[in-house]
Every structure is written in structure tokens, then in C-alpha cells.
4 protein chains.
Amino acid sequence: MSTPGTPTAKPSAKAAARAQAQRERILVAAQQCFVVHGFHAASMANIAETAGMSAGLIYRYFKGKNDIILAIIERQLEEARADVAKLHSSSDLVGGIAEVFQQWQANDPSITSAALFLELTAEATRDPEIAAATHASDKVFRADLASWFARSAAEGGLGVPKEQVATRVLILQSLIEGLAMRAISQPDLTVEQVKDALSQFLPSLLTAEA
Amino acid sequence: MSTPGTPTAKPSAKAAARAQAQRERILVAAQQCFVVHGFHAASMANIAETAGMSAGLIYRYFKGKNDIILAIIERQLEEARADVAKLHSSSDLVGGIAEVFQQWQANDPSITSAALFLELTAEATRDPEIAAATHASDKVFRADLASWFARSAAEGGLGVPKEQVATRVLILQSLIEGLAMRAISQPDLTVEQVKDALSQFLPSLLTAEA
Amino acid sequence: MSTPGTPTAKPSAKAAARAQAQRERILVAAQQCFVVHGFHAASMANIAETAGMSAGLIYRYFKGKNDIILAIIERQLEEARADVAKLHSSSDLVGGIAEVFQQWQANDPSITSAALFLELTAEATRDPEIAAATHASDKVFRADLASWFARSAAEGGLGVPKEQVATRVLILQSLIEGLAMRAISQPDLTVEQVKDALSQFLPSLLTAEA
Amino acid sequence: MSTPGTPTAKPSAKAAARAQAQRERILVAAQQCFVVHGFHAASMANIAETAGMSAGLIYRYFKGKNDIILAIIERQLEEARADVAKLHSSSDLVGGIAEVFQQWQANDPSITSAALFLELTAEATRDPEIAAATHASDKVFRADLASWFARSAAEGGLGVPKEQVATRVLILQSLIEGLAMRAISQPDLTVEQVKDALSQFLPSLLTAEA
DNA sequence: AATGAATGAGGTTTCATTCAT
DNA sequence: GATGAATGAAACCTCATTCAT
């Protein structure tokens, strides 16, 4: 079936690359549409137009709308993990979180929108597939955070006592996710206020002492 | 039929009362449907059936689906304020929040569902009317909390220094709302863990000292 | 919920009657469309137009296209049984079958079209629901025929020996159904030819002797 | 002979042979798909995959889906004629028909599926091209049978009186085609029952006497 | 006041067919 | 010759909303 005389490896590799690029194009468009219209209000036609292709073509790359949502959750996990990694390295947790807050408030498309994050979590309540993906994603994310808390300072961690790790991760994560809601519900909240608040209460979470 | 010749005043008052009751019936049904199916997936037929009335009748009391959503936001404000009042009176903030968390996790219909809360907040990003209602509601709620923090202990408050109030309200509210997401994304989180965490970190928020 | 002062029985009976009438209207239109275009080629829009209603309304009375097909199979069974009953009473089997053949050939809409019958049977090969309905329907029909063969002449039957019944029913049914195909594939076949052929070979099927 | 630079005659002959082989490959795949899914439900992509080629390539050999169906009817004619020839030679008509019945019931892919046969006949009701092909095919088939009936026993025929031929062909063909429907609608019918029935009623069709 | 039948727009999805490579 | 990505039309179905009764 392959053209005789040419190695099959190269064309198929090229095709796979193109397919991957198309998937990416669709996901970017979908994320944008979901942010603007919401999961259910965003139509496939909408996504297709944003991606600059016909609606039917999307089904060559995704099984359906739900499949797109699932893929977006995975994207989100990767982004979130990258963000966490950035927080570690910067060792300026307050500044890092404040920046994320600011991006949420500005609806910065370079990170996952706060609204999308909320809607996605709500949807996990109803769609079992989304629930599974969300829970798995969340578990990995928590493990990342926990490992950072538990590692010794010499290894770039915080050296938090083991029996304290889960508790502090819980508080930190709640605080961050709560700020996602604040970014939406309290639009006149300034980054400075957030920084002030975090400066005051984060330190007690990050000390090595019990 | 009503007695002929009677003035219209009394019947109309009665009618108004009935209208209010009908609205309430619809809202209760709608809230239930929204929790189960989400805003967009919940159909008017669904709501009508849950309310035990015909679909057409709903349009006598609400202009449309959006109108119902708006009304539900108002309901939520009232409920949230009532919850805050309960927290004050009990003076056991940790226990109170933990209880709310538990209800969220169990999807207890006696309080606003966590999923509905999230979806509603997300929707505020898109619908200006909902945004306005949400922001107004949030403002009142924050004012309630702030007043409680600011009031002296003698008056049933916490006696927090005025310049500290906004900061602490921000942290507390973020924490609580973050727990709404935890209730969904981390289903194996126990109330005990939440209580432990809160017991450790809430006190510093509630002291009268700077 | 019902209008006070009026008995609920009458309106609901009326509603049920109307619903039944609508179902009938849809089934007639569907059968017509299926005959003209075939099962899959006939669109819901097509059926709706033929029935003189909007496409969406059909879904109030039928769960989907498959549901309509299933209902049509049941209709067919009833018609077929009625036809068999006619054959008994007339005691002119040859003339009766010849008439059916003529109606098949003329695509007489008053009986099930031969083409629809064939397509439906073919579909039973693929759709389990249709298979179940078809097999059940066929069983009942065969039992009707068998009972006629087995009953004594005094009771309006043929008095065929019991051990011969199944065999003869098989031959008769094959012959009749084969004529459905002849009506389509051999359009210049005349009723007279059919009558001649049946006159010659049916008698041996219908005698009481072995 | 084949010196380089020769005219295009031989290569084009080769090309034609290849084209014929490709058409055959497609037809085999199509028939298989039609049996499994039906005419309309079988997709071109499906056929292409079964044939082990790309969807686009099919259009080099066939004008479209309808063109394939037409070609399949012709195939069927050839197969059916071959089957008839087999029946003659075996001179065991009962056994031959019973075997065909068994293959129909088992959906044996080596002969035309009963379901495909039915669907195809039904389609003839609607598509004039298919009708023409079917009728022509049927005519040839009947002529084959008639010639067998009419030929003298010495010539390997049955020696049936000329004025009886058409009648008996009609009955025989109806019976056989009716068994195609029985194979589908009466799945618990056994080959033995069919053989018994045929043994009893076929002889009268095959005698040389009037 | 109340019903629920009816509509029409719009949603997701499939698929025959074309065409650049 | 061969591929398979791409399109566009059309399919089935759902639902907010209206309106005669």
C-alpha cells in the first residue's frame, strides 16, 4: 500500500506530526471557546470556526465533545504541574501565587482560566469520566506539592515534618483555589491586597517547625 | 369563583401570596435540577416536572431560564448570610466550617451545592446580569464577615484591628471557598483532616492581636 | 393540577385519544415514506412533512426512528393476522393469495408493501430489537396458520393430521413470501399465472389426507 | 515483442488487468460490508478498510456507492446461475436447496447472503437502475431454470411438458426465495424440517407428467 | 390560572465525495 | 496510481418558548 521505493517511516512520521498539530489546534480553539461560552454553550461549530476548520474534521481527531474536554483536563494538569515547578524554583511563593491570581483576574489566556477551572470541577460532579480524570489529575498535583513540602531544604524542599505535610498541602491548596473564586467574585480585589494577605499567613505554612 | 361584587383588593393580595408561593416552588425545583444536571443540561421540562406543574406555567412567573438563575443567586445570598450568622453564634468556627465541608461532600441538599456554587461563579464570567448579581451578593457577604471581625468581643465579634479586617476576611473566605473545591476534587478527604487543618491555622486569623 | 370542578377522567381520556391519533398519523406517514425511500433513506424530516407536523413533535410520541420501525412491525403483524383470518373465512385460498400478490405488485398502500416487508426482514439480521420483534411476530403468525390447518373441518379448519401441520405451514408460508419477491422481481408476471400455479399445487397442501 | 520504446499496447493491457483486479477487490469487500451493515449503513470508509485501500482510491474504479451496488447485482446473477448449474448436475434438488437454506441460515459468506438478497430486491422498488439490473438478472435466471425443466431427461433435463414449464418454475422459485425469508424469520427452523417438507412437495413439481 | 401540544432553531455527529500531495 | 485530510450537506435529536384550549 505504501509507495514503492520510499521508506514508509518518514511519511507516517510526518502524518503523525501533522495529526498532533491538528489536535493541538483544536484544543487551543476549544479552550478558548470554553472560556468564552462555557462547556455546554460552546458549540462544535464554534470550536471549528475558531480553529479555522470544518466541524466534521474535528471528529477525525477527537471522538466527540467529551473527548475534547478530557484532553483539556490533561492539558490543565500539565500546566498546573509546570506552575508548581516554577513556584519551587522561584522560592518566592507569595509572588508566584499573586501572579497566578493576577492572571486569573485578567483572564490571561496563557494559563487555564479560573472560570474554566471552576466549571470543570463542577462538571466532575456529574460526568463520571470527567470525575475520574479530575481526581487522578488532582492526586498527582497533590503528590507534587507534598513531595516539595517533605523534601529537605538541601534538596530544594521545605523540610516540613512528615506528619504535617498533608495538613499544610490541604490548607495551601484550598487557599490557592479559593483565590480562583475571589478573582471572579471580587473583581476590585488588588494584587497588593493578595500579596499582603499571603505574606502574613503563608510563612506559618512553610516553616520546617511543627 | 370568588364572591361577586367584592373589592379586588383582598383577592389580589391573596393572588400575590399565591404567586410568591409558586415562584418559591419553582425555585426549589430548579435548584434541585441545577444541582443534579447543571445549569445548561437541566431542561425546563425537568424543572416543571420536579415542581409538579406544567412547563408553560413557569413562564407566568419567570421570564425565562435566565431569570430563574438570577433568582437562584439571590436565594443563595440569603442562605450564605444565614450560614454566616450561624457561624457567629456557635462561636465554633472550626466545627462550623467542617460541617459545611461535610455537607458539600455529601451533596446535602439543605445547603447550596458546591458544584452549583462553582458553576454559578463561572457563569458570572460570561453573563453580565449574573456577574452583577454575584458581585453584589458577594459584597454583602463580605461586609457581614468584616463586621463580625471588627466588632468588639463584648458585642459578639472578634475585635480584630480595623486595618487587619480586610486581609483576614480575604484569607478566611478563600479558605472556605477552596474547601468547596476540595470537597469535589478530593473525595477521600475526611472531615477529621479538615478539622485538624483548620484547628491549626484558623486561630491566627481570629485573634484580636495584629 | 387539574382544573377544579371538572372531572379529570374526561380530559385525560381525550388527551389519550388524541395521542393515539397522532401516533397513528405518524405511523401512516412513516410507512409511506419507508415504502418510497426505504428505512434508512427516509428521513425524520421526510416523515414529519408527510405527516404534516414538525420533526420535533414526532419525538413526543416516539422515542426515535427505531421506535417507529418497531411500531410498524407490530402493525404489520396485526394486518397479516387479519389477512389470514380473511383467507380462512373466504375458504378460497387461491383467490386470496392471488389478491395479495396483486396488491403487492400494484404497491397497494392498503396492505404492507412487499418491499417494506423484505427490507424489514433483512434489517432483522442486524438490529437485535427488530430481530426480536420480527421473530415474535412471525411466531404468532405461524401459530395462527397452524391452528387453522389443525382444526377440524367442522370447526372451519382443514383437518390436517397433526404431524403434517408444521411441514405444510412451512411450504405455504415460503410460497406466499416467495411471491412477495416475485411481485418485485418479475413485474410482468400476471395474476392469472399466479392463480393457475396455485390452483395446481395448493390443493395437495390443504387436503386432510397425509 | 517487448522491446523498449514499444507502443503502449501491452502496458495498457496490463493496466486493464490490474484495474479489473482492483474492481474485484472492492466488490468483495463491499459485498462483505453490505451483508454486515446493510446498503446504507455500510460506509465507503468501511469498504475501503475492508478492501485494504484508501477511500479515495475507490472512486478511480467506481463512480460512487450506487455504482458499486449495481456491480454487485451483476455478481449475484453470476453466482445464482452457478448455483442453478450445481443443482442440475447434482440431480438431488432437495439436498441442494436444503444446503442453500443452511448456508443462508448460517450467513455463510460463500454465497450471497439472504439479507443482502432481500434488501437488494427491495431497493429495486426505488432505484430504476437497480430495478433494470434486477429484472434482467431475474429473467436470465428464470430462463436457465425453464430450459432445465423443458429439456428431455436424455439431455439432463426433466422433460416437463412445455405448457407446464412456466408454472412450475414460478412455484419452485417462489419456494426457494421464500426459504430465504424463513432462514431469517424462523431461526429455529432446522435443515431436517426443510428437507422433509421439500421431499414431500418437490416431486410433484419435477415429474414429466402434466 | 393552568395545561401540554406544537414549533423552530440549533446541537452533535456521520459520511460520500473531492483534491492536493 | 494512491493517499487520507478536508469539506459540506444532511441526518437525528433536544429544548426553550409560545399559545389555543
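In what follows, chains carry the letters A, B, and so on, assigned in the order in which the sequence lines appear, proteins first and then strands, with residues in each chain numbered from 1.
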Within the 4.5 Å heavy-atom criterion, are B/Met44 and B/Tyr59 side-chain neighbours or not?
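Yes, close enough: below the 4.5 Å cut-off.
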
Dot-bracket for DNA chain E, 5' to 3', Watson-Crick and G-U pairs with both distances under 3.5 Å, [ ] for crossing pairs, | for partner on another strand, reads .||||||||||||||||||||

Which atom names give the shortest non-hydrogen contact between D/Ile26 and D/Ala51, and what distance separates them?
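In this case the closest contact between D/Ile26 and D/Ala51 is CA-CB, 4.4 Å.
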
Which pair of non-hydrogen atoms, one from C/Ala122 and one from D/Ala115, has the smallest distance, and what is that distance?
CB-O, 3.5 Å

Contacts of D/Glu49 that satisfy salt bridge (Lys or Arg N to Asp or Glu O under 4.0 Å) - sequence neighbours left out
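Result, salt bridge (Lys or Arg N to Asp or Glu O under 4.0 Å) vs D/Glu49: none returned.
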
Taking only residues two or more places apart in sequence or in another chain, which ones pass salt bridge (Lys or Arg N to Asp or Glu O under 4.0 Å) with B/Arg126?
A/Glu119, B/Glu123

Taking it one step at a time, do A/Gln20 and A/Arg23 satisfy side-chain hydrogen bond (donor to acceptor under 3.5 Å, both in side chains)?
CA-CA 5 Å; A/Gln20 196 50 44; A/Arg23 277 182 67 95; 4.6 Å; no

Counting only side-chain nitrogens and oxygens, does B/Ser54 get under 4.0 Å of the OP1 or OP2 atom of E/dG4?
no

Return the value, rounded to whole Å, for the distance between atom CD of C/Glu49 and atom C1' of F/dA11.
16 Å

In whole Å, I'd like the distance from the OH atom of A/Tyr61 to the P atom of F/dG4.
12 Å

Roughly how far, to the nearest 0.5 Å, is the [atom2] atom of [Y] from the [atom1] atom of [X]?
X: B/Ile58; Y: B/Gln22; atom1: CD1; atom2: CD; answer: 10.0 Å
X: D/Leu116; Y: D/Ile72; atom1: CG; atom2: CD1; answer: 6.5 Å
X: A/Leu120; Y: A/Ile73; atom1: CG; atom2: CD1; answer: 4.0 Å

Could you identify which residues of residues 18-37 of chain C place a heavy atom less than 4.0 Å from some atom of DNA chain F, listed by residue number, or say none?
none

What's A/Phe62 touching, base or sugar-phosphate or nothing? Going by heavy atoms closer than 4.0 Å.
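Nothing, no nucleic acid heavy atom in range.
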
Can you identify which nucleotide, out of E/dT3, E/dG4, F/dA2, has its nearest atom closest to the C/Arg60 side chain?
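Minimum distance to the C/Arg60 side chain belongs to E/dG4.
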
Scan residues 61-73 of chain D for pairs that pass side chain to side chain donor-acceptor pair (under 3.5 Å), counting only residues two or more places apart or in two chains.
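Those involving residues 61-73 of chain D do not exist here.
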
Which of these, C/Leu70, C/Thr112, C/Val28, sits in a side-chain contact (heavy atoms from CB on, under 4.5 Å) with C/Arg75?
C/Val28

Produce a footprint string for nucleotides 13-21 of chain F: one letter per nucleotide, 5' end first; B if the base is under 4.0 Å from any protein heavy atom, S if only the sugar-phosphate is, - if neither.
BB-SBB---

